[in-house]
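These notes concern the structure reproduced below.
All values below come from the heavy atoms of this structure, side chains included, with hydrogens, waters and symmetry mates left out. These figures come from a predicted structure and were not determined experimentally. Below, chains carry the letters A, B, ... as their sequence lines are ordered, and counting in each starts from 1.
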Number of protein chains: 2
Amino acid sequence: MTRRPRIRDVAELAGVAPSTVSVVLNDTAGARVAGSTRDRVRAAAAELGYVPNSFARGLRTRRSGTLAFIGDVIATTPYAGELIQGAQEAAWEAGYLLMLVNTGGDAQLEERAVRALRRQQVEGALYATMYHRAVTLPEVLDGLPTVLLDARPVSGTATFVVPDEQAGAEDAVEELVRLGHRRIAFVRDLHDGPAVDRRQRGYESRLAAHGLELDERLVVRERSDSAGGERAAAVLLDAPDPPTAVFTFNDQMAIGVYRAAAARGVRIPQDLSVIGFDDLYVVSSELTPGLTTMALPHREMGRLAARALIAELDGGEPTGEQLVPCPLVRRGSAAPPHP
Amino acid sequence: MTRRPRIRDVAELAGVAPSTVSVVLNDTAGARVAGSTRDRVRAAAAELGYVPNSFARGLRTRRSGTLAFIGDVIATTPYAGELIQGAQEAAWEAGYLLMLVNTGGDAQLEERAVRALRRQQVEGALYATMYHRAVTLPEVLDGLPTVLLDARPVSGTATFVVPDEQAGAEDAVEELVRLGHRRIAFVRDLHDGPAVDRRQRGYESRLAAHGLELDERLVVRERSDSAGGERAAAVLLDAPDPPTAVFTFNDQMAIGVYRAAAARGVRIPQDLSVIGFDDLYVVSSELTPGLTTMALPHREMGRLAARALIAELDGGEPTGEQLVPCPLVRRGSAAPPHP
DNA sequence: CTGAAAGCGCTTACAG
DNA sequence: CTGAAAGCGCTTACAG
């Protein structure tokens, strides 16, 4: 393997000094180089297949052109890929490359990883969690511009990008009310958390906005998987005054609602409307009927977070909470109730 | 923001020369430094929170400690995250960091991305596609050690890591035969391809191994989505001599088989056994009954590819095709046929 | 309009 | 056992 050409090789071939090559190839502002010289330099660079060495350049300029993506669990959910892809795309568009690290939620590993990333001179970091929750940034990140992704800081003024859970829930309820529903249930997770709290707030506020009374019996807490959704739906459907529509905390719970409905001969959407949350890959589209749901905009969140980080690197101030809308995806599980 | 400490700062604090600091911190082999000196150096480094600059180091050593992960479509499938995560983990274990780039299958963008990665001095590349297919490596990659991931090279001797499709299919058929099935259908994709070809070969060879005749009517070609699976199953179930078991090309087709069976009052697994392929996130576990399927070992593939690449960087020869086993995940859709 | 020189922060033979 | 010096490949004031 022959050695890669250096700037000096290009300079010699073009018959100029290395500094001139640098100025030409970087289009350095304010530098005056004759057009003919520029052409010769560019031709020489192309001929040699010259690729500048970012290390040498970074050593002088103190810029690496790289950003860190630090995730607690990169895979395990189909969302992670979208988050990463969105961030990568926006980084690329701004001329940055992404360095990826997965900490598995291990604090020790995380510290070593951040150290390694800082050695590599990353200019900033995206700190991502795989579902919306509150986190404390590790100390090693101090002094490195950082934007949180799908996570909110326990304290501090850092920029963080999260789904607009409340507006999403409001839109789901709005859709159901618009279709004519008045008894709308909310099937939610057992535990509190940033996502479920805001979704419930959206559910309640939208009901109130329409002058609909909040019936506590229509809010059921269960485990946020399909079995939990099935149990919750069973309670609701077997009650004396069942709801005509169910809004679920996530799509997996909606799967359970489908099962409970099928077991009782309750048809979706004729007898019961269902709206989920997340737009879980394949699942929501493969249910019969397709599940109407609020999409979690992971790709868009990744893009926004990278852009916000780059804006800070360019001298901008942290912008605090950045809410990303969750679009309604209509598929067929929500329809007008029986007359 | 105060400047990061340099090696000179550590040297001054410890009262030694920078070269001594380097030798101590890198545990340079064959260097003799007094224990007390070592302790002083380490203490000074810790006190200052010294993190060596990889650029300066890389400029001298010509090693960056980074690997490229080049993907055609990073997200869009839940598998991508697993592939990336596996690669990242194995890279990390060997002291490498991963730089990520998504080309969206755009050749021009790919070329620019590879150039950017080479500028960043990546030592090698993982070239990943999001499903098993044959690819031609772009020219810009010439001279950079590269391992293909979930892809096979159209030509050349590069190392590539792919699922053992044929063995997976054989194991699926083996499981069905073991349960007592004799009429086993294969529902496959319309088009040929590395994955489907090998799965069919496995299906046929395993039947033959058990002395079972291949009935062409039991091999149905359809679009590889749930609607296609449903149509294929309809044909099979409505035939005069329907199969007692169906092996599908992927899990989405299996969803369709479930639907066709339900529509006909055919119970799974009592009346019909089904085995899928892929172990698609959530889908396979959320079907009722849970889908027995062959898992695509993406995480493991990512790990293997990164390890193979690192082995080449360490002077090893390319190893050609690396097959990764697809484990059988038993969930409940395969059972003995009616007596 | 172009070139010579210094320096970014390390590592590595080499001297002593 | 430890230090001085050169050099990795760039960029950037500065001279001319």
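The phosphate of D:dG3 (OP1 or OP2) has a side-chain N or O of B:Thr20 nearer than 4.0 angstrom. Contact check, A:Thr37 against C:dT2: a side-chain N or O comes under 4.0 Å of OP1 or OP2. Within the structure, a side-chain polar atom (N or O) of A:Asn26 is placed less than 4.0 Å from OP1 or OP2 of D:dT11. Contact annotation: A:Arg60 side-chain N/O to C:dG7 OP1/OP2 distance is not under 4.0 Å.
Per the geometry, CZ belonging to B:Arg6 stands 8 Å off P belonging to C:dC10, to the nearest Å. In this structure, A:Arg118 places its CZ atom 19 Å from C1' of C:dC10, rounding to the nearest Å. Taking atom CZ on A:Arg8 and atom P on C:dG3, their separation rounds to 15 Å, with Å as the unit. Summarising the geometry, the separation between CZ on A:Arg63 and P on D:dC10 is reported as 18 Å, rounded to the nearest angstrom. Taking atom CG on A:Leu48 and atom P on D:dC10, their separation rounds to 12 Å, with Å as the unit. Straight-line distance from the CG atom of A:Asp27 to the P atom of D:dT12: 13 Å, rounded to whole Å. Regarding B:Leu25, its CG atom lies at a distance of 16 Å from the P atom of C:dG9, rounded to whole Å. Going from atom CD1 of B:Ile7 over to atom P of D:dG7 covers 19 Å, rounded to whole Å.
With hydrogens and angles ignored, a donor-acceptor pair closer than 3.5 Å exists between the side chain of A:Ser19 and the base of C:dA4.
When each of D:dG9, C:dC1, C:dG9 is scored by its nearest atom to the side-chain atoms of A:Ala56, the top-ranked nucleotide is D:dG9. Of the candidate nucleotides D:dC10, C:dG9, D:dC8, D:dC8 has the atom nearest to the side chain of B:Arg62. Closest to the side chain of A:Ala17, from the set D:dG3, C:dC10, C:dG3, is C:dG3.
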Worksheet item: Run the salt bridge (Lys or Arg N to Asp or Glu O under 4.0 Å) check on A:Arg8 and A:Glu12 step by step: do they pass?
Response: CA-CA 6 Å; A:Arg8 192 188 305 172; A:Glu12 282 172 9; 5.3 Å; no
Fill in: A:Gln121 vs B:Asn53, side-chain contact (heavy atoms from CB on, under 4.5 Å): CA-CA, chis, key distance, verdict
CA-CA 7 Å; A:Gln121 312 298 116; B:Asn53 181 325; 3.6 Å; yes
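Using the Watson-Crick or G-U wobble rule with both distances under 3.5 Å, D:dA15 pairs with C:dT2.
There is a side-chain donor-acceptor pair under 3.5 Å between B:Asn26 and B:Arg57. No hydrogens or angles considered: nothing links the side chains of A:Thr66 and A:Gln120 as a donor-acceptor pair under 3.5 Å.
Using a 4.0 Å cut-off between a side-chain N of Lys or Arg and a carboxylate O of Asp or Glu, B:Arg133 and B:Asp72 qualify as a salt bridge.
Of the possible donor and acceptor atoms, none in the side chain of A:Asp106 sits under 3.5 Å from a partner among the backbone N and O of A:Thr103.
Between A:Val16 and B:Val23, the one whose closest nucleotide on DNA chain C sits nearer the 5' end is A:Val16. Mapped onto DNA chain D by nearest heavy atom, A:Thr28 and B:Arg40 fall at different nucleotides, with B:Arg40 at the one closer to the 5' end.
Across all strands shown, A:Thr61 has heavy atoms under 4.0 Å from sugar-phosphate atoms exclusively, and none from any base. If you check every strand for non-hydrogen atoms under 4.0 Å, A:Ser54 touches nothing.
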